[in-house]
> 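One structure coming up, written as structure tokens, with questions to follow.
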2 protein chains.
Amino acid sequence: MERHATIADVAALAGVSVGTASKALNGRGSLREETRMRVREAARQLSFEANAGARSLHSGRTYTVGMITTDTIGRFSIPVLMGAEDALGAGEMSVFLCDGRDDPIREQYYVKTLLSRRVDGMIVTGRRTEARAPIGANLPVPVVYAFISSADPGDCSVVPDEAGGARKAVEHLLAVGRTRIAHITGPEHHNSARVRAAAATERLAEDGLSLVAPPLFGGWSEVWGRQAVGILLAGRTEFDAVFCGSDQIARGVCDALRAAGRRVPQDVALIGFDNWDVMTEACQPPLTSIDLDLEGLGRSAAQMLLAAINGSPSPGRHAHPCRLVVRESTVRESTTVLLP
Amino acid sequence: MERHATIADVAALAGVSVGTASKALNGRGSLREETRMRVREAARQLSFEANAGARSLHSGRTYTVGMITTDTIGRFSIPVLMGAEDALGAGEMSVFLCDGRDDPIREQYYVKTLLSRRVDGMIVTGRRTEARAPIGANLPVPVVYAFISSADPGDCSVVPDEAGGARKAVEHLLAVGRTRIAHITGPEHHNSARVRAAAATERLAEDGLSLVAPPLFGGWSEVWGRQAVGILLAGRTEFDAVFCGSDQIARGVCDALRAAGRRVPQDVALIGFDNWDVMTEACQPPLTSIDLDLEGLGRSAAQMLLAAINGSPSPGRHAHPCRLVVRESTVRESTTVLLP
DNA sequence: ATGAAAGCGCTAACAG
DNA sequence: CTGTTAGCGCTTTCAT
């Protein structure tokens, strides 16, 4: 295990001063081409990599951003994280990852750590779309909230347009000729469940319609989806479509409907939410769903952060549009189609 | 947005020299308690956080490790990552995350980036358990491979004991009285599929038994699980248990068996692999599975890295044991039981 | 075109 | 007990 070479080692090997070596390596100043090459060769030979910490003492920048997940890293934070990593990587920035584990103490510890490492900015993300307390007041670096949002309306937050997504779901069901729509979703204390239910109701009202029954709030799981169908069938309500708050619920609904002898989509059109491949593909038939475009959201958040770092912040709450992805649970024989 | 305060600012505000301020803040040297408090108070007032980069110029350490995923971050790398983050966090270390995206160029770029940032060590992980080319030769910092392994047997790799896991699965089926066991698994070109199939076969042979049919290689999906049951039923082979290479396959198998009128577990005992909650919980009945303990694996890898950083490397390949998790797909009416 | 020297923020000797 | 000084690795004037 070799030691790290310093620029002094390189200079010595090339027979020049450190100042010259620095210029040669960074393409500054005016040097003889021959000298430049000699230094470059020495650096290569020693596997020299400039010490970023020392370097940032001058530039004041670290080309690093911190990413804090408030709760545990999971299915929702990953795509956000990847999208952000993508956009930041293009800007030659690295990402520090910090897993908050729903622990405010841990979170504050990480904020301090990131600040001491002089990150150029921070992205805060999490599993729920609920607004949360700002991660700190008057921080010396810009912060962007992605997926979750900050309770301070002056902070920059990028959130999925869940209401818009729910409206798209309803519009699609209407477009394929369904009017007797039921809604099965997650726990009422989840912001997402409430927002989506409200938006669906509202969109139906615009066409003079309403849900065939009040929204069924429960859990986000397949098990709940199956139970909910039981409840729906036990009531005498007729329905020709079900809009579900998650793909897992939809999958459960689908299985239960089939077990009860109802065909999807002929008798009942079915649409989920999240566009989670594991569920949409395994569902019989494949499931139409609403995609949150989390990767795009993460990318967008990162771009706003980069802009803020460069002096052009985008304060406020930014809604990132959802996408409808049509599959056979709403339209027979369709090949998969993406609509904007 | 305030600027970062320097220790000079703190010293000035407290009316002492920077040297004294440094000692006060780090608890070194001998200072009057009053002075120490005065400096601390000044630091607090200015929200001073020592510049980690400048600090590491002296210590030579950054208290940072880099984590590179060879392929994209996903369901398998997350728990590894979290386990590692856990163990490293306890050692006051931060994690740099780099997403390799299966691109060797990208990967090498990240290795350089991490080295220039003077990480104290690196963890390399990925989605497949296959051995991969070392990430670099003769690097100046220790490297541990987690989940995946390095092709160089001298490198430190921590991998799940998949063969042991497959043996546990078979032993459990034998323990609940099944002897006519089928095996449905992923693509044959996947190392995991081959290893698990071979180990299952071998374990049966130790009891003078064999699989009722050659392993059915296909995909890792539910769809393939359902298809495979069709194949199995079309042949005239009798079977009283199915060991599946993944939980998704098992879930598909379960659905198809039920559709064919076979009861799980009465007619056919069913066991999966991965212990992925989404599948094991939604399966009817809940699915017995083999848990790779990826979080423990990540933790273990991180501990080895910490040890290596402190001068005690653990070269070679280390197998991390799998755990059997019993649910109702193999045992009726059981509450969930964990076996070692 | 090149070298010498100052300084980024911090710590650690060494004086006083 | 406290201040001064040197130096970590690098960049950037300013001389030469």
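Treat the numbers as computed from the prediction; the structure is a model and nothing was measured.
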> For A/Asp161 versus A/Ala319, what's the shortest heavy-atom pair and its separation?
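The answer is CB-CB, 4.0 Å.
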
> Can you name the closest pair of heavy atoms from B/Arg55 and B/Asn26 and give their distance?
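Here B/Arg55 and B/Asn26 meet closest at NH2-OD1, 2.8 Å.
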
> Side chains of B/Arg117 and B/Thr64: is there a donor and an acceptor less than 3.5 Å apart?
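Result is no, nothing qualifies.
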
> Could you write nucleotides 7-16 of chain D as a row of B, S and -, 5' to 3', where a protein heavy atom under 4.0 Å of any base atom gives B, of only sugar-phosphate atoms gives S, and otherwise -?
BBBBBB----

> Specify the residue among B/Gly53 and A/Val16 whose closest nucleotide of DNA chain C lies further upstream toward the 5′ end.
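Upstream on the strand: A/Val16.
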
> Is it the case that B/Thr129 and B/Ser192 place a side-chain donor and acceptor less than 3.5 Å from each other?
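There is such a pair (donor and acceptor under 3.5 Å, judged by atom type) between the side chains of B/Thr129 and B/Ser192.
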
> Counting C-beta onward and ignoring hydrogens, is there a side-chain heavy-atom pair between A/His320 and A/Arg299 closer than 4.5 Å?
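In short, these two side chains do not touch, never coming nearer than 4.5 Å.
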
> So B/Thr35, base contact, sugar-phosphate only, or nothing? Heavy-atom distance under 4.0 Å.
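Sugar-phosphate only.
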
> Nearest-Å distance, CZ (A/Arg32) to C1' (C/dT2)?
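Roughly 9 Å, once rounded to whole Å.
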
> If I take atom CD in residue B/Glu33 and atom C1' in nucleotide D/dC1, what distance separates them, rounded to the nearest angstrom?
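Computing the B/Glu33:CD to D/dC1:C1' distance gives 13 Å.
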
> For the pair B/Arg44 and B/Glu41, find out whether any cationic side-chain nitrogen is under 4.0 Å from an anionic carboxylate oxygen.
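B/Glu41 and B/Arg44: salt-bridged.
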
